Amino acid sequence: MPPRKTVLPLIYRLFFLIIEPISALVGAYYAHYQQDAYLSLTTHSSSPSSTTLTTGTSIVMSQLANLYLLFALNEALVLRCSGDINVWKTVLFVLLVADFGHLYSVSPHGHWIYWDVTRWNAIDWGNVPFVYLGACLRIAFLSGYDQYEGFQVHSADTWTEFHKNKFDVKPFGDHDVEIKIECCGVCSSDVHTISGGWGDQKFPLAVGHEIVGKAIRVGPKVTLIKEGERVGVGAQSWSCLECRQCKNDNETYCQKQMDTFGAVWPDTGIVTQGGYSSHVRTHEHWVFPIPDAIPSHLAAPMMCAGITSYSPLVRNGAGPGKKVGIVGLGGLGHFGVLFSKALGAETWVISRSHSKEADAMAMGADGYLASGDKDWNKDHLTTFDLIISTANSFGDGFDIAAYLALLDVHGRWISVGLPEDADLTIGPWSFMSNGCLIGASHLGSRKEMLAMLKLAAEKNIKSWVETVPIGAENLSTTVQRLHKNDVRYRFTMVDYEKEFGA
């Protein structure tokens, strides 16, 4: 479903789709068939004093009732059948003008009719307050969107400064899930984004796309998530679900895909905001039930770093009898080790030095190679089936040919890290000798996310996570530490209720 497909809040549905059309229908009935009874309800000077109707008066009453009924039914039909927010606003604005016109039409009775309830007759009571209510609801709808609260960065120049702000969120859609956030992982993507490393951004911006929380509201067409479930949201929040890629479990490669933060919702201009916030509103396809066996603070980093490492492993055959190399032991790499071992593959870590060797072994790695050692790859040439590169920087002298030489015939080098302003120079001879294949991977499908969470629960996979209470100062400290690689191996912001309320 397109993101512009929205759902009216309950109070609007009750009034515009039920109360107003029924009231207009009743009024039309009396104006057509019970005109004397209609007039007999009047006892004050605000209405005609005689029940004797001229032909002209009768026609005017009937036509006005017809017009009001037509407006009410047209409004209800459009709001029920269209999900385009701009169409809604146009119709509601036209009816708002009609409301003011209606109020002006009774001004000849005297201005007291707008406020002096002691002089109202039965018709006035069913007329003036009703128009007031309709006008107020239309103004409320036209005046703005729902709002959440979160910690935003205002510019790349001040990327370490977080400000607690309120911001607009897109209208609630048929397939949307509203989530009260419990915790959110801190990803290198957050730092690359707010610091400007990945280019210009739409500030002010709340980042964070490793979200875990409780589904507190679900759209009328949601079938994948139940209200009250503990759920997660990752780096993607929408795709068309209709293209070739989406229909083949490759929705992360959809040409229309939208990120959880920093994207612009069509028809509204609203910029998506991430998980350093009180709530998030997301299409059900990108909301994932979290197994009970996985604590929230450990599940959060799996929503991006976990799936980014898991997807290329399963897509490229990691499992028993396979030898897998993980380049870089950071936030992504440590998940690569954990999931590669859980899938049954022989798993080696390849890092620049031996500083993380003990951690790699503690995670279950079968071996460790330090590329800073002399002839570091000599004993392992053409022995790896798959190498996943999670490197966040390549640095001077990064010799990719030495890594590719580790691969068996038609072995695969898959890159998942996205270093800033980094280029890899690969000569044709680097992959000709073993015919190795070079590729990349982006996040993972819903199908893979659910499988990853199931594996993590069954194998009791424990990611290495440091928890930090959310707050402006703690966020500033945390992103600076991450920028310096001062973490082993993920951060999760917690204690959301203390900051945003229960």
Side-chain angles (χ1 to χ4, degrees), residues 3 144-170 181 183-211 233-238 257-282 300-301 303-305 308 330-332 392-393 417-423 442-443 466 468-487 490-496 499-500:
Y145 300 94
D146 293 341
Q147 288 193 324
Y148 296 152
E149 190 174 31
F151 289 96
Q152 295 180 312
V153 171
H154 288 176
S155 74
D157 294 332
T158 57
W159 67 273
T160 62
E161 298 176 13
F162 289 81
H163 305 270
K164 192 175 183 181
N165 299 327
K166 289 187 176 181
F167 51 81
D168 291 340
V169 294
K170 76 180 189 75
I181 300 176
C183 60
C184 182
V186 181
C187 184
S188 291
S189 301
D190 302 342
V191 176
H192 292 310
T193 298
I194 59 178
S195 66
W198 282 354
D200 294 337
Q201 303 297 327
K202 299 172 181 65
F203 294 104
L205 185 62
V207 292
H209 56 205
E210 297 180 336
I211 301 166
V233 174
Q236 184 177 353
S237 287
W238 192 83
Q257 74 94 25
M258 295 178 65
D259 294 334
T260 297
F261 61 74
V264 179
W265 284 105
D267 302 325
T268 66
I270 291 174
V271 177
T272 59
Q273 303 290 327
Y276 299 169
S277 308
S278 60
H279 300 77
V280 68
R281 181 176 289 177
T282 306
M303 295 297 101
C304 178
T308 297
L332 288 174
N392 197 36
S393 64
L418 289 173
E420 299 176 6
D421 300 321
D423 294 315
H442 178 231
L443 301 173
E466 178 181 339
V468 182
I470 193 167
E473 184 175 344
N474 283 348
L475 281 168
S476 177
T477 301
T478 300
V479 295
Q480 291 181 75
R481 284 184 57 191
L482 181 57
H483 187 61
K484 300 173 184 176
N485 294 317
D486 179 22
V487 57
R490 303 297 294 187
F491 287 116
T492 297
M493 307 307 297
V494 297
D495 293 346
Y496 271 58
E499 188 63 47
F500 297 112

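We number each residue from 1, following the sequence as shown. Everything quoted here is computed from the prediction, not taken from an experiment.
Taking OH of Y148 as the start and NZ of K166 as the end, the distance is 13.5 Å to the nearest 0.5 Å. Interatomic distance, CD1 of I194 versus CG of L205, reported as 8.5 Å (0.5 Å rounding). Rounding to the nearest 0.5 Å gives a distance of 9.5 Å between OG1 of T492 and CD of E466.
For residues 470-479, the side-chain hydrogen bond (donor to acceptor under 3.5 Å, both in side chains) pairs, not counting sequence neighbours, are S476-Q480. For residues 193-211, the pairs satisfying side-chain hydrogen bond (donor to acceptor under 3.5 Å, both in side chains) are E210-R490, with sequence neighbours left out.
The two residues P469 and M493 have their closest heavy-atom pair at O-CE, 3.6 Å. Listed here is the closest heavy atom pair of L443 and C304: CD2-SG, 4.2 Å. When every heavy atom of V153 is checked against every heavy atom of F203, the shortest pair comes out as O-CD2, 3.2 Å.
The closest side-chain heavy-atom distance from L475 to I470 is below 4.5 Å. At least one side-chain heavy atom of V280 sits under 4.5 Å from a side-chain heavy atom of I181. At a threshold of 4.5 Å between non-hydrogen side-chain atoms, the residues F167 and I270 do not count as touching. Considering only heavy atoms from C-beta on, F151 comes within 4.5 Å of F500 through its side chain.
Side chain of S237 to backbone of T282: no donor-acceptor contact under 3.5 angstrom is found. Judged by distance alone, the side chain of R281 and the main-chain N or O of K170 form a donor-acceptor pair under 3.5 Å.
Checked against N165 for a side chain to side chain donor-acceptor pair (under 3.5 Å), the options Q273, Q147, H154 give a single hit: H154.
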Using distance only, find each side-chain donor-acceptor pair of residues 183-190 under 3.5 Å and give its atom names and separation, not counting sequence neighbours.
from	atom 1	to	atom 2	distance (Å)
D190	OD1	G208	N	3.3
D190	OD2	C187	N	3.1
D190	OD2	Y276	OH	2.7

